[in-house]
Structures are given as structure tokens and as C-alpha cells.
Visitor: 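This is the structure I want to talk about, given as C-alpha cells.
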Amino acid sequence: MKKYLFGLSLLAINIYSAQVNFTNIPNPDSNASGNDKVMMYITNTSEATGVKGFGLPAVNAETDLPYTGASAPATRIEELRGMLLFVKSTGQVMVFDGLVWSKAFEIESDNISRFQLNSVSTTSGSVLLPINNTINKANFLADPLKLKTNVPTTGANINRLYIRQTGLYRVNVNLTFTGPAGSFSNRLGAGLYLNDVKRFQLLEDTVNFDGTNRKISLDISVYAVQGQYITLDAISEVGGTTSYTVTNDSYVTVEKVL
């Protein structure tokens with residue numbers, strides 16, 4: 001029993017100060033050299049500040065990955081097979097097989113696409129919403145559902161989200177408005193169309209966001225078939241001559257639920 005307890009105490013001590021390394025040397029701190037192809041060790045020195053775990057080494061862009069282009073190896077580097085690097089600009093983790101890099105996984109949900117809207121104004125109470133296809137993963141703008149793949153960035157098609165997989169989708173429309181006095185005395189909202197046929201319209205009282213801008217957030221669920229396209233518009237309860245601007249601090253998020 002004493003041996004068992006002694007063994008547990010040794011294990012606890014080793015875990016507390018554990019180091020993990022991928023070298024064949026016992027003390028990476030003192031023995032690391034340029035001959036070491038891959039090395040990692042973990043200590044608990046940052047636990048007092050609440051930092052636990054470790055992050056992958058990162059590069060800014062795919063062009064910064066080592067062993068690419070003119071530096072690509074002619075023969076496989078066995079010591080580097082399985083090396084991982086995080087690419088900040090794409091949110092992807094890349095894996096090196098000793099010859100080439102390929103995507104290991106992506107830091108985003110694979111069933112949610114999110115887009116920013118271009119600013120647009122109306123004097124008639126309703127206006128189609130232009131959906132920008134720019135990907136900016138640092139600001140959570142991404143398109144794993146491929147809703148904007150091969151869709152023109154100008155013209156009528158900028159309003160469209162093309163369905164690639166048949167299923168049930170949840171569409172969140174988060175709109176920020178500015179406008180003259182009286183624009184927000186009635187409810188504003190959004191409409192959803194499938195292949196230019198109106199399917200839903202929702203209205204909501206706007207929320208005074210910062211004294212100048214007003215906001216609404218609406219959720220719409222719709223079943224869509226592969227090949228169909230979704231368009232959205234901003235609407236006013238009274239229409240007519242209601243004037244407002246939908247600012248580019250507005251977003252549409254599409255989630256494939258089923």
C-alpha cells in the first residue's frame with residue numbers, strides 16, 4: 001500500500017512539472033540545437049495568470065508556410081511528418097506530410113455562413129439587401145456552406161445566396177439603421193424570398209442602439225432545395241415614403257439545421 005501511495009505521489013509531481021518533448025534528448029531547455037527538427041515542451045509557469053493549455057505555432061498567411069515554393073523539399077522529410085501550423089488569415093490548421101502542406105481542419109463551424117451587408121438606402125420603405133461575399137475570418141465572416149461561391153460580386157446576383165444542399169436553414173438578419181426623425185416610429189423588418197417568391201416577412205420594433213443607430217435582429221427558418229437562391233429585403237410597416245439607410249454594420253448568418 002505504501003509503495004502504491006508513493007508511486008501516486010511521484011506521478012502527481014511529474015504531472016505538475018511535466019514536459020512533453022519530441023526529441024531524443026532528456027533536457028530540451030539545455031540541449032536544444034539546430035539539429036532538432038521538431039520540439040515542444042509544456043510547463044505550468046503561466047497557470048497563475050489563468051492561462052492553461054498551449055497554442056499551435058502560427059503564420060500570417062499560407063505563403064508564409066515553410067518548405068513551399070522554391071524551398072519545397074525534393075524528398076520527404078520524415079522528421080517533420082505531421083507538423084501542424086495555424087494560418088491566421090484563413091483560420092485553417094495545416095499539416096505537413098514531409099513533402100507538401102494540406103488542410104488538417106478549420107477553426108469554424110462547417111454549417112454556418114456569415115456575411116456583411118453593403119450599405120444601402122431607401123426612400124420608399126423597402127430595399128433589397130446587397131450581401132457582400134468578402135471572407136474575413138478574423139471578424140467571423142466565412143462561407144463553409146458555399147452560398148456565395150462563384151456568385152458575382154456586383155450586379156443583381158450580389159443579393160443572392162445559392163443553396164448547395166437541400167435542407168432546413170435558419171437565417172438570422174441583423175440590421176443596423178440610420179435615418180431622419182420619424183423613420184423609426186413604425187416597425188421595421190425583413191423579408192425572405194426563394195427564387196424571387198416571397199416566403200416570409202417579419203417586423204419588429206427597432207432598438208435604440210447608440211442614440212443614432214437603431215437595430216433589429218430577426219430569425220427566419222426556411223426549407224430550401226439545392227439550386228434555389230435566397231434574397232432578403234428590409235421593409236417598413238407603413239412603406240410609402242419611409243426613408244432610412246441600412247448601414248454596413250449589418251449581417252446575415254445562415255445555419256444549415258437539417
Side-chain angles (χ1 to χ4, degrees), residues 89-93 103-120 122 125-177 187-207 209 213-237 239 244-258:
S89 63
T90 64
Q92 295 178 348
V93 174
K103 186 175 80 170
F105 55 89
E106 197 160 355
I107 311 302
E108 66 175 22
S109 173
D110 61 0
N111 67 333
I112 297 177
S113 291
R114 184 172 186 258
F115 307 95
Q116 188 174 20
L117 302 181
N118 292 341
S119 180
V120 63
T122 180
S126 64
V127 63
L128 276 174
L129 297 175
I131 303 169
N132 195 308
N133 66 348
T134 299
I135 301 303
N136 181 350
K137 295 187 178 183
N139 291 310
F140 308 104
L141 303 178
D143 188 20
L145 294 174
K146 309 299 182 187
L147 302 175
K148 298 289 279 187
T149 298
N150 298 326
V151 176
T153 57
T154 59
N157 284 349
I158 193 174
N159 304 313
R160 296 180 178 181
L161 299 173
Y162 281 89
I163 300 299
R164 310 295 177 180
Q165 300 177 57
T166 299
L168 179 65
Y169 290 83
R170 182 182 69 86
V171 181
N172 174 264
V173 186
N174 190 306
L175 302 180
T176 301
F177 300 91
R187 293 182 298 171
L188 299 177
L192 182 146
Y193 299 74
L194 273 181
N195 286 17
D196 299 324
V197 177
K198 182 170 64 178
R199 296 292 299 273
F200 300 96
Q201 283 188 325
L202 295 176
L203 291 164
E204 186 175 284
D205 290 324
T206 58
V207 175
F209 180 57
N213 296 303
R214 314 279 295 198
K215 279 185 174 290
I216 61 170
S217 181
L218 304 168
D219 282 318
I220 303 172
S221 294
V222 62
Y223 183 83
V225 175
Q226 182 181 18
Q228 291 182 318
Y229 58 86
I230 292 173
T231 51
L232 301 160
D233 65 356
I235 59 175
S236 168
E237 184 174 20
Y244 57 80
T245 295
V246 178
T247 76
N248 59 7
D249 187 24
S250 300
Y251 302 89
V252 57
T253 304
V254 182
E255 177 185 6
K256 189 175 187 297
V257 180
L258 293 172

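Below, all heavy atoms of this structure are taken into account, side chains as well, without hydrogens, waters or symmetry copies.
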Visitor: Which heavy atom of P130 sits nearest a heavy atom of N159, and at what distance?
Guide: CA-OD1, 3.2 Å
Visitor: Counting C-beta onward and ignoring hydrogens, is there a side-chain heavy-atom pair between L192 and L232 closer than 4.5 Å?
Guide: yes
Visitor: Are the side chains of R170 and I220 in contact, using a 4.5 Å heavy-atom criterion?
Guide: no
Visitor: Any donor and acceptor pair, going by atom type alone, linking the side chain of T176 with main-chain N or O of V246 inside 3.5 Å?
Guide: no
Visitor: Compute whether any side-chain donor of one residue and acceptor of the other, for D233 and Y193, lie under 3.5 angstrom apart.
Guide: yes
Visitor: Could you walk me through whether L175 and L117 pass the side chain to side chain contact (heavy atoms under 4.5 Å, CB included) check?
Guide: CA-CA 9 Å; L175 302 180; L117 302 181; 3.5 Å; yes
Visitor: What I'd like to find out is whether the side chain of F200 reaches to under 4.5 Å of the side chain of V171, using heavy atoms alone.
Guide: no
Visitor: Locate the shortest heavy-atom distance separating G125 from Y244; write the atom from each residue and the value.
Guide: O-OH, 2.8 Å
Visitor: Looking only at non-hydrogen atoms, find the nearest pair between L218 and E204 and report the distance.
Guide: CD2-OE1, 3.5 Å
Visitor: Looking at CD1 of I131 and CG of N157, how far apart are the two atoms once the value is rounded to the nearest 0.5 Å?
Guide: 11.0 Å
Visitor: Within this structure, what is the NZ-CG distance for the pair K256 and L168, rounded to the nearest 0.5 Å?
Guide: 8.5 Å
Visitor: Below 4.5 Å, heavy atoms only, C-beta onward: do F177 and T245 meet side chain to side chain?
Guide: no
Visitor: Quick one, I163 and V225 - any side-chain contact, counting heavy atoms below 4.5 Å?
Guide: no
Visitor: Got a second to check how far E237's CD is from L203's CG, nearest 0.5 Å?
Guide: 5.5 Å
Visitor: Which pair of heavy atoms, one from D205 and one from R187, lies closest together, and at what distance?
Guide: OD1-CG, 2.9 Å
Visitor: What distance separates N172 CG from D219 CG, expressed to the nearest 0.5 Å?
Guide: 4.5 Å
Visitor: State the CD1-OH distance between I230 and Y162, to the nearest 0.5 angstrom.
Guide: 12.0 Å
Visitor: Looking only at heavy atoms, what is the nearest atom pair of R164 and K148, with distance?
Guide: NH2-C, 4.5 Å
Visitor: Side chains of L161 and L145: does their closest heavy-atom pair fall under 4.5 Å?
Guide: no
Visitor: Can a side-chain donor-acceptor contact be found between T247 and D249 if the only test is distance below 3.5 angstrom?
Guide: no
Visitor: Please name the residue in the list L147, T134, N132 that meets the side-chain contact (heavy atoms from CB on, under 4.5 Å) test with F115.
Guide: L147
Visitor: Evaluate L129 against V252 for side chain to side chain contact (heavy atoms under 4.5 Å, CB included), listing each step before the verdict.
Guide: CA-CA 10 Å; L129 297 175; V252 57; over 6 Å; no
Visitor: Quick one, K215 and N174 - any side-chain contact, counting heavy atoms below 4.5 Å?
Guide: yes
Visitor: CD1 of I112 to OG1 of T253: how many Å apart, nearest 0.5 Å?
Guide: 8.0 Å
Visitor: State, to 0.1 Å, how close R160 and T231 come at their nearest heavy-atom pair, and which atoms those are.
Guide: CG-CG2, 3.7 Å
